[in-house]
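Order of listing sets the numbers, starting from 1, for every ligand and every atom in it.
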Amino acid sequence: MGSVERIETRLFINGKFVDSSDGKTFPLRSPTTREVIAEVHEASEKDTDAAVAAAKAAFPAWSALSPDERGAYMKKLGALLHQSGKELSRLEAMSMGRPVSTYFDNHACAGAFEHYAEAGYEAQGVSSLNTPGFVNMTFKQPYGVVAAIIPWNLPLVFFGNKVAPAIAAGNTVVLKSSEKAPLSSAYVATLIEKAGFPPGVINVISGHGQTSGAILSSHMDVRALSFTGSCRTGRLIQAAAAKSNLKNVVLELGGKTPAVVFADCDLESAVADTQNSIQFNSGQVCMANSRIYVEESIAHKFVELFKAKFANISAGDPLDPTTNHGPQADSAQWDTVQKYLAAGKDSGELALGGTAEIGGLSGGASKGYFIEPTVFLQTPEDAAIMKEEIFGPVVNINTFKTEEEVIAKANDSEFGLYAAVYTKDISRAMRFAKVLEAGTVAVNCTSPTLAKDMPFGGFKSSGVGREGLGQSLNNFLETKTVLIKIS
Ligand code: NAD
């Protein structure tokens with residue numbers, strides 16, 4: 001497919017593309033033009049049950065394969081993903097406004113399948129002779145059917161991070177894509193078909209939280225569920241799991257990353273990094289540094305440099321390769337950010353931007369859901385825009401005088417996904433690494449910098465559990481103790 005004239009929007013259940021059983025579809029609008037670009041099949045309760053049943057039926061044969069045999073399918077899928085950047089980047093640009101110039105997700109997804117194609121042999125238990133008269137051991141075994149529920153902001157990154165370790169461990173999967181960005185996942189389903197996976201090993205359904213997401217969360221045959229999305233939905237999923245079969249749940253949730261910038265840092269790179277962090281994907285990133293704390297003595301210079309960089313974006317059609325700043329994903333996201341812009345103007349000092357319009361890109365000739373890169377200064381710590389996730393190109397820059405003061409401010413959040421500190425003082429860097437309440441602390445760098453082989457996840461309400469190479473396989477394995485009495 002050189003272009004995406006024929007967009008796949010059906011459900012992929014038991015190795016076949018099918019319409020929703022009740023014929024229901026939902027319209028998907030381009031956030032750039034507001035035009036309907038596809039009618040997407042909405043999985044009904046019957047479809048969701050059928051996907052789980054297909055996964056259940058596929059499990060015995062799939063789990064009986066060796067890691068090498070499972071890996072062979074995964075490597076084929078990885079290769080197809082690498083080759084599909086053009087199609088996938090176009091689908092993401094069309095559905096949620098991600099500029100094609102910033103697209104790498106197909107390679108990230110491919111990398112996950114390629115890594116886990118080799119990692120299945122790492123599923124190993126331990127043995128113990130420590131109980132006299134016994135040889136004891138543990139087995140690591142797949143759960144059976146697992147579910148993956150993913151968000152819209154970087155869909156294929158999460159597709160790979162969840163589905164690859166799940167199937168490498170011998171599980172079978174039902175993945176539900178986000179209603180805001182279902183097209184790339186449906187396209188990956190066409191690649192799964194091409195790679196020749198046995199039917200039912202990976203099922204891909206589209207739909208809203210109600211119906212299909214909620215059904216997966218409370219399904220008695222789903223034994224583990226990996227979720228990335230908002231704290232609100234994470235809580236609903238955790239509750240549904242508790243009320244049904246206590247399925248094992250991994251939750252990767254929201255964030256409100258603080259970046260602490262000391263006067264002794266490399267100022268230019270601190271500005272460039274923190275600007276990129278809040279601008280990438282139009283600020284729609286869980287770990288975007290939406291709170292920046294700058295030491296008072298350099299605050300003026302920092303703010304001037306930051307504003308100059310943040311204002312200098314290339315906004316426009318995300319399909320245009322010269323664009324690096326697209327619209328917000330949909331009208332709901334756009335409305336939400338606008339509410340925070342209004343609240344921010346009441347609580348803090350507007351230093352840049354502040355409108356839902358970039359050079360005539362919203363409301364005018366192009367009806368895109370654009371938001372101007374926005375900076376607020378000196379916002380009170382208890383203001384809504386300091387406490388809540390905005391998910392837009394909107395940053396608060398506050399100042400501090402002492403370490404104690406900024407530690408208290410940085411940690412005064414229910415979120416704890418990621419935090420950053422910029423300083424050349426190694427002792428101070430290590431003090432901050434220890435004291436900041438976040439699942440990842442970055443020193444002299446900030447999000448989206450990550451390390452593939454380090455655990456990723458949230459402190460406090462930012463999540464439960466960890467993902468990452470070396471972590472995720474275990475999220476999809478049960479541990480069984482085997483006691484053998486010897487004479
Ligand atoms: P969301 O919670 O609205 O939706 C995520 C997914 O959950 C979607 O597929 C949605 O259909 C589904 N869902 C909604 N209601 C459900 C229900 N009751 N039961 C089951 N599933 C349901 O989140 P979003 O708006 O798609 O994504 C943005 C959020 O994701 C932000 O809060 C962001 O911080 C977070 N996020 C976190 C990470 C991370 O790794 N921690 C990464 C990316 C995004």
Main-chain N/O of [Y] paired to [X] side chain as donor or acceptor, under 3.5 Å:
{"X": "Trp62", "Y": "Ile167", "value": "yes"}
{"X": "Ser206", "Y": "His41", "value": "yes"}
{"X": "Asp273", "Y": "Ala270", "value": "no"}

Under the ring-ring contact (aromatic ring centres under 6.0 Å, His included) criterion, do Trp152 and Phe391 qualify, and how do the steps go?
CA-CA 12 Å; Trp152 49 267; Phe391 241 50; 5.6 Å; yes
Please determine whether salt bridge (Lys or Arg N to Asp or Glu O under 4.0 Å) holds for the pair Lys140 and Glu478, giving the CA-CA distance in whole Å, both sets of side-chain angles, and the decisive distance to 0.1 Å.
CA-CA 6 Å; Lys140 287 286 189 180; Glu478 274 285 22; over 6 Å; no
If we check side chain to side chain contact (heavy atoms under 4.5 Å, CB included) with Pro327, which of these qualifies: Ser362, Ser282, Pro31, Pro99?
Pro31
Any luck finding a side-chain donor-acceptor pair between Tyr143 and Asn248 under 3.5 Å?
yes
Answer with yes or no whether the side chains of Glu35 and Ser30 bring together a donor and an acceptor at under 3.5 Å.
no
Under the salt bridge (charged side-chain N to carboxylate O under 4.0 Å, His left out) test, which residues partner Asp317, sequence neighbours left out?
none
Of the protein's non-hydrogen atoms, which lies at the shortest distance from [atom], and what is that distance?
{"atom": "atom 12 (C) of ligand 1", "answer": "Ile149 CG2, 3.7 Å"}
{"atom": "atom 17 (C) of ligand 1", "answer": "Thr233 CG2, 3.8 Å"}
{"atom": "atom 34 (O) of ligand 1", "answer": "Glu389 OE2, 2.4 Å"}
{"atom": "atom 28 (C) of ligand 1", "answer": "Phe391 CE2, 3.7 Å"}
{"atom": "atom 5 (C) of ligand 1", "answer": "Phe227 CE1, 3.8 Å"}
{"atom": "atom 41 (N) of ligand 1", "answer": "Leu253 O, 2.7 Å"}
{"atom": "atom 24 (P) of ligand 1", "answer": "Trp152 NE1, 3.3 Å"}

Does an N or O anywhere in [X] fall below 3.5 Å from an N or O of ligand 1?
{"X": "Lys180", "answer": "no"}
{"X": "Gln333", "answer": "no"}
{"X": "Lys176", "answer": "yes"}
{"X": "Gly229", "answer": "yes"}

Under a 4.5 Å cut-off applied to non-hydrogen side-chain atoms, are Thr190 and Phe17 in contact?
yes
So Phe415 and Phe459, do their side chains get closer than 4.5 Å, heavy atoms only?
no
Which atoms of ligand 1 sit under 4.0 Å from any heavy atom of [X]?
{"X": "Phe158", "answer": "42 (C), 43 (C)"}
{"X": "Glu179", "answer": "10 (C), 11 (O)"}
{"X": "Ala214", "answer": "19 (N), 20 (C)"}
{"X": "Ser177", "answer": "9 (O)"}
{"X": "Ile150", "answer": "6 (C), 8 (C), 9 (O)"}
{"X": "Leu236", "answer": "18 (N)"}
{"X": "Asn153", "answer": "43 (C), 44 (C)"}
{"X": "Phe456", "answer": "40 (O)"}

Nearest non-hydrogen contact with atom 20 (C) of ligand 1 belongs to which option: Pro151, Ala329, Gly213, Cys231?
Gly213
From atom 42 (C) of ligand 1, work out which of Ser230, Cys286, Gly254 has a heavy atom at the shortest distance.
Cys286
I'd like to know if Glu92 pairs up with Arg90 as an ion pair, taking the criterion as any Lys NZ or Arg NE/NH1/NH2 lying under 4.0 Å from an Asp or Glu carboxylate oxygen.
no
Ile237, portion touching ligand 1 at heavy-atom distance under 4.0 Å:
side chain
Does Gly463 have a non-hydrogen atom less than 4.0 Å from ligand 1?
no
Check if Gly458 has a non-hydrogen atom at a distance under 4.0 Å from any atom of ligand 1.
no
Compute the centroid of each ring, for Phe400 and then for Tyr293, and state whether the two points are separated by less than 6.0 Å.
no
More than 12 non-hydrogen atoms from neighbouring residues, nucleotides or ligands closer than 6.0 Å to NZ on Lys56, yes or no?
no
